[in-house]
Amino acid sequence: MPKFRCTVAIPTRELFHGEIEYAQIPGSEGDLGVMAGHEMFVCTNRPGVLTLTLDEAGKDKRYFVTYGGFAQVLDNDLSVLARMGKDVDSIDVEELTAKAAKLREAIAQLEGKGDDQSTALLETHRTKLEWYDLQLKAVGAVK
């Protein structure tokens with residue numbers, strides 16, 4: 001099977017760049033499989049795990065947890081730009097679990113206050129907690 005180029009990035013940096021055999025993308029309308037020679041497309045992504053298969057045997061895989069963004073295939077080149085993203089192998093479960101617990105406490109203290117500042121902070125905390133929970137779920141799914 002021929003390989004194709006792939007780049008995975010977040011706004012602050014590139015997470016992966018190289019040649020792959022296959023990609024499974026968490027598209028907003030369902031998981032999408034991409035191989036060399038795939039037709040051109042653009043899709044938005046839902047939060048989930050992006051799987052890149054690097055070898056023909058399918059044994060060498062890289063997993064990235066991504067939050068939002070889009071994917072594009074153009075001229076045998078896959079580009080994934082996520083709002084947030086992380087290599088699943090780099091996730092420290094213990095540290096992330098502690099951060100999520102602290103955030104849950106902060107959310108509990110803010111709920112019901114009703115003022116504009118608390119409401120805005122609550123929304124930010126909930127988004128961050130959703131990101132932490134997604135990372136923890138991804139680790140459990142691929143390990």
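Note that these values count all heavy atoms, side chains included, but never hydrogens, waters or copies made by symmetry.
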Shortest non-hydrogen contact between [X] and [Y], atoms and distance:
X: Leu129; Y: Leu103; result: N-CD2, 3.5 Å
X: Ala82; Y: Pro11; result: O-CD, 3.2 Å
X: Pro2; Y: Ala36; result: O-CB, 3.3 Å
X: Leu32; Y: Gly27; result: CD1-CA, 4.3 Å

Nearest 0.5 angstrom please: [X] [atom1] to [Y] [atom2], how far?
X: Phe4; Y: Asn76; atom1: CZ; atom2: CG; value: 7.0 Å
X: Ser90; Y: Tyr63; atom1: OG; atom2: OH; value: 15.0 Å
X: Thr51; Y: Gln24; atom1: OG1; atom2: CD; value: 5.5 Å
X: His38; Y: Tyr22; atom1: NE2; atom2: OH; value: 8.5 Å
X: Ser28; Y: Asn45; atom1: OG; atom2: CG; value: 7.0 Å
X: Lys61; Y: Ile20; atom1: NZ; atom2: CD1; value: 11.5 Å

task: Assess the side chains of Asp116 and Thr119: does a donor N or O sit below 3.5 Å from an acceptor N or O?
output: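 Absent: no donor and acceptor within the cut-off.
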Phe70: ring-ring contact (aromatic ring centres under 6.0 Å, His included) partners, not counting sequence neighbours: none
- request: Using ring-ring contact (aromatic ring centres under 6.0 Å, His included) as the criterion, list what pairs up with His17, not counting sequence neighbours.
  value: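 Scan of His17 (ring-ring contact (aromatic ring centres under 6.0 Å, His included), adjacent residues dropped) gives none.
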message: Going by side-chain hydrogen bond (donor to acceptor under 3.5 Å, both in side chains), name the residues that satisfy it together with Glu21, two or more places apart in sequence or in a different chain.
response: none
- prompt: Around Lys128, counting heavy atoms of other residues, nucleotides and ligands shown, do more than 12 lie under 6.0 Å from its NZ?
  reply: no
message: Using a 6.0 Å cut-off, check whether atom CD of Glu14 has over 12 heavy atoms from anything other than its own residue.
response: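 It does: Glu14 CD has more than 12 such atoms within range.
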Single-linkage hydrophobic cluster Phe41~Met35, side-chain heavy atoms < 4.5 angstrom: no
message: Do Leu134 and Val49 sit in one hydrophobic cluster, given that two such residues count as connected whenever their side-chain heavy atoms are within less than 4.5 Å of each other, even indirectly?
response: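 They do share one cluster, since a chain of ILVMFWY contacts under 4.5 Å joins Leu134 to Val49.
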query: How about Trp131 and Val65: do any of their side-chain heavy atoms sit closer than 4.5 Å?
result: yes
query: Do Leu54 and Phe16 come within less than 4.5 Å of each other through their side chains, counting heavy atoms only?
result: yes
field: Residues Glu111 and Arg126 bridged, charged N to O under 4.0 Å
entry: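 Arg126 and Glu111: salt-bridged.
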message: Regarding Asp31 and Arg46, does a basic nitrogen lie under 4.0 Å from an acidic carboxylate oxygen?
response: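 Yes, Asp31 and Arg46 are salt-bridged.
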- request: Please answer whether the main-chain N or O of Asp89 pairs with a side-chain N or O of Asp87 as donor and acceptor at a distance below 3.5 Å.
  value: yes
